[in-house]
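Let me begin by presenting the structure, written as structure tokens, before commenting on it.
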Amino acid sequence: GWTCNLGFHEKDGRCEAIVIPENAFADGSTYGSGWSCARGYREVREVCVEITVPQNAYLQSSGDRWECERGFRATKASCERITVPLNGYLSNEAYGSGWACNRGFRAVKGDCEAIEVPQNGFLSDAFGSRQGWTCERGYREVDQSCVPIDVSDNGMMSDARYAAGWACDKPLRKRQGQCLVP
């Protein structure tokens, strides 16, 4: 029914003082060393070594590692400035280039190039829109342009990719570009 005071560990039924290195403090844990390094230091072989924070970086709130400021990326022991191309902006992504292109532009070989949207098309970030644009309803992509969909009699517009933009009313079936009785 007893415990040792802060800064002591139980050993063989007695309380022995914990040897706390410089730049550390007793943490009250009953397991491990019983001490932790102060903010701005990290444990290396039972001593607390100061964390070197490079230029354009700051100590994280945990106090045991550093992080680059916005606009910089970590490279081993330093922070390198992220170069954002014209028509781009800094992104919050941890990986990759650290920047993204403004709407209406796409990343090409380290630059942001304008997306050329064909007539009857619109800018789109939708999945499958690898070129950055999609055709309006009633049109489909053919050779980087949007051409009208010719819907057969007894047919209707369809968003299904395999339907070439249109499908037949039920119970008719598509054959040779027309809607016919099955």
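Residue numbers start at 1 and run along the sequence shown. Side chains are part of it too, since the values below use all heavy atoms of this structure and drop only hydrogens, waters and symmetry mates. Predicted model, so just to flag it, every value in this text is computed and none were measured.
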Exercise: do Glu141 and Gln131 side chains pair donor with acceptor under 3.5 Å
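Side chains of Glu141 and Gln131: pair found under 3.5 Å.
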Establish, from distance only, whether the side-chain atoms of Ser29 and Asp27 form a donor-acceptor pair under 3.5 Å.
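Short answer, yes.
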Ignoring hydrogens and geometry, is there a side-chain-to-backbone donor-acceptor pair from [X] to [Y] under 3.5 Å?
| X | Y | value |
| --- | --- | --- |
| Glu10 | Gly13 | yes |
| Arg137 | Ser158 | no |
| Arg39 | Ser61 | yes |
| Arg42 | Gly63 | no |
| Lys174 | Gly155 | no |

Enter the distance from [X]:[atom1] to [Y]:[atom2] here, rounded to the nearest 0.5 Å.
| X | Y | atom1 | atom2 | result |
| --- | --- | --- | --- | --- |
| Gln178 | Asn154 | CD | CG | 10.0 Å |
| Cys168 | Arg175 | SG | CZ | 9.5 Å |
| Tyr139 | Thr134 | OH | OG1 | 15.0 Å |
| Met156 | Asp169 | CE | CG | 5.5 Å |
| Cys146 | Trp133 | SG | CH2 | 4.5 Å |
| Ile82 | Ser91 | CD1 | OG | 7.0 Å |

Looking at [X] and [Y], what are the two nearest heavy atoms and their distance?
| X | Y | result |
| --- | --- | --- |
| Gly96 | Arg73 | O-NH1, 2.7 Å |
| Cys68 | Tyr58 | O-CE2, 3.6 Å |
| Cys179 | Leu172 | CB-CD1, 4.0 Å |
| Glu22 | Cys48 | O-CB, 3.6 Å |
| Cys135 | Arg140 | SG-C, 3.6 Å |
| Pro54 | Ala77 | CB-O, 3.5 Å |

As a quick check of understanding, evaluate side-chain contact (heavy atoms from CB on, under 4.5 Å) for Arg103 and Leu123, giving each step before the final call.
CA-CA 8 Å; Arg103 181 162 171 76; Leu123 288 172; 3.5 Å; yes
Any [X] side-chain heavy atom under 4.5 Å of [Y] side chain:
| X | Y | value |
| --- | --- | --- |
| Val151 | Met157 | yes |
| Trp99 | Cys112 | yes |
| Leu86 | Asp111 | no |
| Cys15 | Trp2 | yes |
| Arg81 | Asn56 | no |

Assess the residue pair Asp64 and Ser62 against the criterion (side-chain hydrogen bond (donor to acceptor under 3.5 Å, both in side chains)); give the C-alpha distance rounded to whole Å, side-chain angles, the decisive distance to 0.1 Å, and a yes or no.
CA-CA 6 Å; Asp64 61 355; Ser62 62; 2.5 Å; yes
Between the side chains of Glu67 and Arg65, is the shortest nitrogen-to-carboxylate-oxygen separation below 4.0 Å, so that they form an ion pair?
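Answer for the salt bridge query: no.
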So Arg14 and Phe8, side-chain contact (heavy atoms from CB on, under 4.5 Å) or not? Walk me through it.
CA-CA 9 Å; Arg14 299 187 332 233; Phe8 293 83; over 6 Å; no
For Arg70, I'd like to know if atom CZ has over 12 heavy atoms of other residues, nucleotides or ligands within 6.0 Å.
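Yes, CZ of Arg70 has more than 12 neighbouring heavy atoms, counting only those of other groups under 6.0 Å.
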If you count every heavy atom of other residues, nucleotides or ligands that lies below 6.0 Å from Glu69 atom CD, does the total exceed 12?
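Result for CD/Glu69: enclosed.
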Should Trp66 and Gln60 be marked as a side-chain contact (heavy atoms from CB on, under 4.5 Å) after you check the CA-CA gap, both sets of side-chain angles, and the distance that decides it?
CA-CA 5 Å; Trp66 57 267; Gln60 286 185 334; over 6 Å; no
Cys37 and Phe25: CA distance, side-chain angles, deciding distance, side-chain contact (heavy atoms from CB on, under 4.5 Å) verdict
CA-CA 6 Å; Cys37 291; Phe25 59 92; over 6 Å; no
